[in-house]
Asker: 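The structure's right below; bear with me while I get my questions together.
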Amino acid sequence: MNYKEEIIKLKNELDVTIAAHFYQKDEVFELGDIVGDSLELAKKAMNCDSKNIIFCGVGFMGESVKILAPQKRVLMPKVACCAMAKMIDVEFFNSNLKILNQAGISNDDILPITYINSSAAVKAAVGKMGGYVCTSSNAFKIIQKGLESGKKIFFVPDRCLGQNFANQIGLKSAVIGIDDIEDVKQADIICYNGFCSVHQLFTPEDIDFYKEKYPDIIVAVHPECDVQVVNKADFIGSTSQLIKYITQDLDPEQKVVVGTEFNMVNRLRDKNTYVLSSTKPECPTMNETTLKDLYQTLLSIQNETFENEIEVTSEVTKYAKLALERMFEV
Ligand code: 13P
Ligand code: SF4
């Protein structure tokens with residue numbers, strides 16, 4: 001079967017918008033009616049005209065759209081769970097708060113901020129405590145806004161994002177479970193011990209290798225990379241910021257090595273043939289979605305069986321939405 005042709009046919013017949021994240025396989029990405037990073041897709045999807053949204057990405061992204069636009073039907077060809085988002089649930093969130101409480105920091109002195117890469121339930125727990133959601137493109141602003149409260153920031157689940165932004169602002173950070181509890185008590189930004197297994201593939205040695213081989217090369221990385229990698233980089237940016245920097249700001253002849261997900265890096269080569277990547281860091285969960293899955297999801301809309309429909313309870317929606325809306329206000 002030619003899935004591509006069948007998908008285009010069905011998509012033209014049905015009341016549906018296909019959203020595709022930049023990390024999707026090329027053949028899926030090219031069929032997206034809307035494409036972007038997680039924040040752009042959430043905004044575009046909630047404002048689109050269709051009743052049905054097929055979200056090609058990872059679970060937390062589909063959930064975010066459902067929370068922001070509960071009147072829409074959100075379906076995912078694969079409800080693949082981002083490895084980092086899976087590192088935290090409400091129980092872990094609460095047990096980490098308990099560690100802080102036992103160290104003498106009360107919940108009244110803590111403002112939680114969750115990276116968008118977390119479940120709706122974790123976002124709701126954060127929302128209940130007056131906290132925020134952030135993405136890698138607005139984390140700097142959200143953390144600064146959070147600091148205005150005079151409280152300590154409890155940043156979940158990505159320790160790297162918390163540490164890297166603390167360094168950029170010149171603040172002290174510490175990771176629960178890694179750093180000494182006395183350091184945690186002194187920190188302005190207290191990080192949960194989660195990380196992205198894909199962005200962990202980039203090492204400081206990779207950067208040294210490229211800089212030695214091509215002395216004028218530029219190193220551009222995502223802030224989910226380790227602190228030691230980010231400290232050696234020339235440019236640090238979210239998914240969309242990296243795309244803009246490489247395709248618009250850099251000379252097309254400039255050699256650049258990029259530390260982020262492979263599908264996106266590879267696509268950048270259409271604009272700049274000197275884009276290099278130290279490994280082939282494909283995100284396994286983003287890569288789960290295939291054309292066949294997308295076709296079957298469309299078919300389920302036609303048959304009204306609605307496979308892999310995303311549901312979020314009204315209680316979770318209420319508080320998770322608060323945390324997301326606080327982000328949009330900033
Ligand atoms: P964006 O928020 O930039 O889309 O990134 C999500 C992500 O999973 C990065 O690894
Ligand atoms: Fe999650 Fe990392 Fe994949 Fe992004 S690249 S979706 S953070 S596992």
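Since the structure is predicted, the reported quantities are computational estimates derived from the model, not experimental observations. In listed order, ligands and their atoms are each counted from 1. Residue numbers run from 1 in the order of the sequence given.
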Asker: At under 4.0 Å between heavy atoms, is it the side chain or the backbone of V58 that contacts ligand 1, or both, or neither?
Answerer: neither
Asker: Report the part of E261 in contact with ligand 1, treating N, CA, C, O as backbone and CB onward as side chain, heavy atoms under 4.0 Å; options are side chain, backbone, both, neither.
Answerer: neither
Asker: Could you check whether K128 makes a cation-pi contact with Y319, meaning its NZ or CZ is under 6.0 Å from the centre of the six-membered ring and within 45° of the ring axis?
Answerer: yes
Asker: Among the heavy atoms of N117, does any lie under 4.0 Å from an atom of ligand 1?
Answerer: yes
Asker: Please give me the protein atoms (N, O or S only) lying under 2.8 Å from atom 1 (Fe) of ligand 2, ordered by chain and number.
Answerer: C82 SG
Asker: Kindly confirm or rule out an N or O of T239 lying under 3.5 angstrom from an N or O of ligand 1.
Answerer: yes
Asker: To the nearest 0.5 Å, what is the distance between CZ (F155) and CG (L161)?
Answerer: 4.5 Å
Asker: Given the rule in the side chain to side chain contact (heavy atoms under 4.5 Å, CB included) test, do E63 and S119 qualify, once you have shown the distances and angles that lead to the verdict?
Answerer: CA-CA 8 Å; E63 275 187 347; S119 68; 4.3 Å; yes
Asker: What I want to know is whether S238 and ligand 1 share at least one N or O pair that is separated by under 3.5 angstrom.
Answerer: no
Asker: For atom 4 (O) of ligand 1, tell me which residue out of H21, M264, M84, M286 has the closest non-hydrogen atom.
Answerer: H21
Asker: Is the number of heavy atoms from other residues, nucleotides or ligands under 6.0 Å of E212 CD greater than 12?
Answerer: no
Asker: Show the atoms of ligand 2 that are less than 4.0 angstrom away from any heavy atom in Y23.
Answerer: 4 (Fe), 5 (S)
Asker: Looking at F93 versus Y192, is the centre-to-centre ring distance below 6.0 Å?
Answerer: no
Asker: Hey, are E224 and Y115 close enough side-chain-wise for a donor-acceptor pair under 3.5 Å?
Answerer: yes
Asker: What protein heavy atom lies closest to atom 2 (O) of ligand 1? Include the residue and the distance to one decimal.
Answerer: S38 OG, 2.5 Å
Asker: Backbone N or O of S137 within a donor-acceptor pair of the T135 side chain at under 3.5 Å?
Answerer: yes
Asker: Is the backbone N or O of E91 less than 3.5 Å from a side-chain atom of N94, with the two atoms forming a donor-acceptor pair by type?
Answerer: no
Asker: Ligand 2 versus E224, non-hydrogen atoms closer than 4.0 Å: side chain, backbone, both, neither?
Answerer: side chain
Asker: Please state which part of H199 comes within less than 4.0 Å of ligand 1, counting heavy atoms only: side chain, backbone, both or neither.
Answerer: side chain
Asker: Test your reading of the structure: does D37 have an N or O sitting under 3.5 Å from an N or O of ligand 1?
Answerer: no
Asker: Hydrophobic clusters here meaning ILVMFWY residues chained together by side-chain heavy-atom distances under 4.5 Å, can you tell me if F328 and L111 are in one?
Answerer: yes
Asker: How far is atom 9 (C) of ligand 1 from its nearest protein heavy atom, and which residue and atom is that?
Answerer: E224 OE2, 3.1 Å
Asker: Specify side chain, backbone, both or neither for F22, according to which of its non-hydrogen atoms lie closer than 4.0 Å to ligand 1.
Answerer: neither
Asker: List ligand 1 atoms under 4.0 Å from S136, heavy atoms only on the residue side.
Answerer: 3 (O)
Asker: Determine, for F306 and R73, whether the Lys NZ or Arg CZ falls below 6.0 Å from the six-membered ring centre while staying within 45 degrees of the axis.
Answerer: yes
Asker: Can a side-chain donor-acceptor contact be found between Q254 and D251 if the only test is distance below 3.5 angstrom?
Answerer: no
Asker: Kindly assign one of parallel, tilted or perpendicular to the pair F202 and H199, based on the angle between their ring planes and the thresholds 30° and 60°.
Answerer: tilted
Asker: Any side-chain donor paired with an acceptor under 3.5 Å for S240 and D37?
Answerer: yes
